[in-house]
2 protein chains.
Amino acid sequence: MLNPAADTHLEKGIVTQLRAYLAQIELPDDGRLPPERELSTALGVSRTELRKALDVLEAEGQLWRHVGKGTFMGSRPLDTFADIAALARRSNPAEVMRARIVMEPEICRAAAFTATPEDIAEMRMCLTRSRQAETWRQYEAWDTRLHRTIAEASQNTLLLGLFDTLNAVRRAVTWGRLRTEPVKPLPNHHSFAEHEAIVDAIEQRDIAAAAACMRAHLQTVERKLLDRQ
Amino acid sequence: MLNPAADTHLEKGIVTQLRAYLAQIELPDDGRLPPERELSTALGVSRTELRKALDVLEAEGQLWRHVGKGTFMGSRPLDTFADIAALARRSNPAEVMRARIVMEPEICRAAAFTATPEDIAEMRMCLTRSRQAETWRQYEAWDTRLHRTIAEASQNTLLLGLFDTLNAVRRAVTWGRLRTEPVKPLPNHHSFAEHEAIVDAIEQRDIAAAAACMRAHLQTVERKLLDRQ
DNA sequence: ATATAAACCAAAATGAAATTGGTATCCGAC
DNA sequence: GTCGGATACCAATTTCATTTTGGTTTATAT
C-alpha cells in the first residue's frame, strides 16, 4: 500500500463488487439481504471492508440497516412514531398533560357541534357512574370513558384515532408517585363539577364553553399533579 | 341443598364475598387481579363457583377477561387502532382537514412559546425554498417540512408524534382528483403570505396570532379543496 | 498506518415453556 | 337425575432464555 490512490481504488472496487452481487442476488420479499458476517465471507472480503462498502450504499440511500433486524434494500420505511411504546419511552407525564391540554379542548369543541343525544346520554352515564365509584380505579375507568365518549362524539375517525394514541401513551408512561393513593374519591372531588360543566356545555351546544371547560378541567388536573408533594 | 332459594342465596353470597375481596385487595396498576386458580383457593370456593361470580361481575361491566391475559377490573380497553393504514382506510380527506384544523393551530400556539431561534431560522428557510420551488412536488416537500418544523418547535415529543401520525395518514388517504395538477405554484399562491404570517407571529411570540394564522391558513386550504370542481 | 480478526454490546427476533381464561368430562352427593 | 366439584385439556398470551444482527472497541500483524 505505497500509494493512497491505489488504496482508494481498491475500496471502490469492493463497492462495485458489492453492487454487482446485489444486482444478481435473489432477494426475499422484504428486501432483506444476508447478514454481514455471511456476506463478507461470500464476497471474500473482511467484515470491516464490507461495512465500509455498505456505508457508501447506505449514504446513497440504496439500502438501510437496523441493529437486530438486518440490512434491507430500498428506503427505510417511515419511522412515524405511531409506536406507542417508543413514544412512551421518550415522553413523560409533563408532555402528556401538555398534549392533552392542546388536543382535548379542541376535540371537545368539535364534539359540542356534532355530538348526538345518544353520545350525550352516554356522557351522563359516565358522570353518574364516576360519582358512584367505590375505588380510584373504578373512577379512573369512568373518567377515561367519559373523555373517550367526547372524542367519539367528534364524529371524526382520525381525531378519535389520535386521541386513542394519546391515551395509550398516557397509560404507558411511567407516573411513579404521581399515581393516586388507594382511597375512594371524595364527593367534592374537583373533577365532578368540571366534568358536568363540560357535558352541560356540549348539551347546550355552547361550543366555546365546551372547549373552555375542558381546558380548565385539564389545567386543574395538571396543577393538582404538581401540588402533590 | 334441599331448598333452591338457599342455593341461590349461596351463589349470591359468593358474589358479595368476591365484591368485598376485590374492594379490599391491592391491585397492580393495570388492574389485573390474581388468576382464577389462585383466587378460588384464596376465597375457599371452587373454580366453577368463582367463575360464575366472575360472570356476574363481567356482565355488570365491573371487569373484563381475556384468555392468556387474565382478569382485569374496569372496562375493556377499546382496541385502539393506532395503525396508520387502518386509520387511512377508515378516514377521508374531509376528516384529515378537520383534524389538521383541530390540532395544528394549537400545536402552533405552543410552538410560539417554545420555538428556538434555530427553529425559526429553519422555518424561514422553508419559506424561501417553497417560494423557489419549480414543481408542486418540491413545493409540497417544503410546505410539509415547514409544518413539521413548527411541530418540532413545540418541544413536545408526544405532540410531534401525534403530528407525524396525522401526517402519515394524510399521505396515505386517497385524495384522487383533489390532488394538485402538475403546474408550478404561482407566486401569488395564497399559502406564501399565510405561511409568512404564521412564522412572523411565532417569531414575535404572538401566541394568539400564531394559532389564529395557522387556523386561517388551514381553513383556506380546506376551502380551496372544496372550490376545485 | 492500515487492515484484519476477534471480542463485546445492545437491539431485535426466535422459540420453548409456563400461564391463563374457557371448556369438556367424569365422579360423587343429595 | 341434577348439581357442584375436581381434573384434564385447549388455545391464546405472556415470559424468559437464547440466538441473531448491526455497531463498536481492542489487539495484533504486516
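Owing to the predicted nature of the structure, the values given are computational and were not obtained by experimental measurement. Every chain is numbered from 1, with letters handed out A, B, ... down the list of sequences.
- Ionic pairing of B:Glu95 and B:Arg90 is not present here: no N-O contact between side-chain nitrogen and carboxylate oxygen is shorter than 4.0 angstrom.
- The CE atom of B:Met73 sits 14 Å away from the P atom of C:dG21 (whole-angstrom rounding).
- Listed nucleotides C:dA11, C:dG21, D:dG4 differ in distance to B:Glu49; the shortest reach to its side chain belongs to D:dG4.
- Taking atom CD of residue A:Glu36 and atom C1' of nucleotide D:dT24, one finds them 12 Å apart after rounding to whole Å.
- A:Leu54 has its CG atom 13 Å from the C1' atom of D:dT21, to the nearest Å.
- D:dG5 atom P lies 7 Å from atom CD1 of B:Ile14, rounded to whole Å.
- Considering only side-chain N and O atoms, B:His66 lies nowhere under 4.0 angstrom from the phosphate OP1 or OP2 of D:dA12.
- Listed nucleotides C:dG21, D:dG4, C:dT4 differ in distance to A:Ser46; the shortest reach to its side chain belongs to C:dT4.
- At the phosphate of D:dT20, neither OP1 nor OP2 sits under 4.0 Å from any side-chain N or O atom of A:Lys69.
- Here the CZ atom belonging to B:Arg170 is positioned 11.0 Å from the CG atom belonging to B:Asp164, to the nearest 0.5 angstrom.
- Aromatic pair A:His195/A:His189: ring centres not closer than 6.0 Å.
- As rounded to whole Å, 8 Å separates atom C1' of C:dT23 from atom CZ of B:Arg51.
- In this structure, B:Asp55 atom CG and C:dG22 atom P are separated by 8 Å, rounded to whole Å.
- The phosphate of C:dT19 has neither OP1 nor OP2 within less than 4.0 Å of any side-chain N or O from B:Arg37.
- Residue A:Arg65 contributes atom CZ, which lies 16 Å from atom C1' of D:dT20 at whole-angstrom precision.
- At a cut-off of 3.5 angstrom, counting only N and O atoms as typed in the model, there is no donor on one side facing an acceptor on the other between the side-chain of B:Arg47 and the base of D:dG4.
- Residue A:Thr71 places at least one side-chain N or O closer than 4.0 Å to OP1 or OP2 of D:dG22.
- Rounded to an integer number of Å, the gap from CD of A:Glu58 to P of D:dT21 is 17 Å.
- Minimum heavy-atom separation, A:Leu43 to A:Gln17: O-NE2, 3.2 Å.
- Distance CD/A:Glu152 to CE/A:Met123: 9.0 Å, rounded to 0.5 Å.
- Between B:Thr48 and D:dG4 there is no side-chain polar atom (N or O) within less than 4.0 angstrom of OP1 or OP2.
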